[in-house]
Amino acid sequence: MNYQITDKPNVQFPIRISHELHTRFTQVSQDTRINKSTLLRIAMDRLVTQIQSNGITAVLNEVSE
C-alpha cells in the first residue's frame, strides 16, 4: 500500500465496533506502536483487495470459518 502526499484530503468516517474488538485493536496498536489510523488503513486496504480479487462470497466464507 502506498501512502503518498496528495492534494485530496483524507476522508473520515465513523465505525462502530464491539468492545472486544476495540480492546484487541488497542492492544495490537500498543504492542506494535503503530497508530490505530494506520492499522485500520492497512486492514481495510487488504480486505478490499481480497474482495476485489476473490469475490465477496469467498472472503465472507473465510471470515466465518
What residues join Val11 in its hydrophobic cluster, counting side-chain heavy atom gaps under 4.5 Å, either direct or through other members? none
Going hydrophobic residue to hydrophobic residue with side-chain gaps under 4.5 angstrom, can you get from Ile51 over to Val48? no
Once rounded to the nearest 0.5 Å, what's the spacing between atom CD of Gln27 and atom OG1 of Thr23? 9.0 Å
Does any N or O in the side chain of Asp45 come within less than 3.5 Å of the main-chain N or O of Arg41, such that one atom is a donor and the other an acceptor? no
Evaluate Gln50 against Leu47 for side chain to side chain contact (heavy atoms under 4.5 Å, CB included), listing each step before the verdict. CA-CA 5 Å; Gln50 282 184 318; Leu47 179 62; 4.3 Å; yes
Got a second to check how far Leu21's CG is from Arg16's CZ, nearest 0.5 Å? 14.5 Å
Hey, could you give me the CD1/CG distance between Ile34 and Leu39, rounded to the nearest 0.5 Å? 5.0 Å
To the nearest 0.5 Å, how far apart are CD1 in Ile42 and CZ in Arg46? 9.0 Å
With rounding to the nearest 0.5 angstrom, report the CZ to OG distance, Arg24 to Ser29. 14.0 Å
Atom CG of Leu40 and atom NZ of Lys36: how far apart are they, to the nearest 0.5 Å? 11.0 Å
Decide if atom CG of Asn10 counts as having more than 12 heavy atoms of other residues, nucleotides or ligands within a radius under 6.0 Å. no
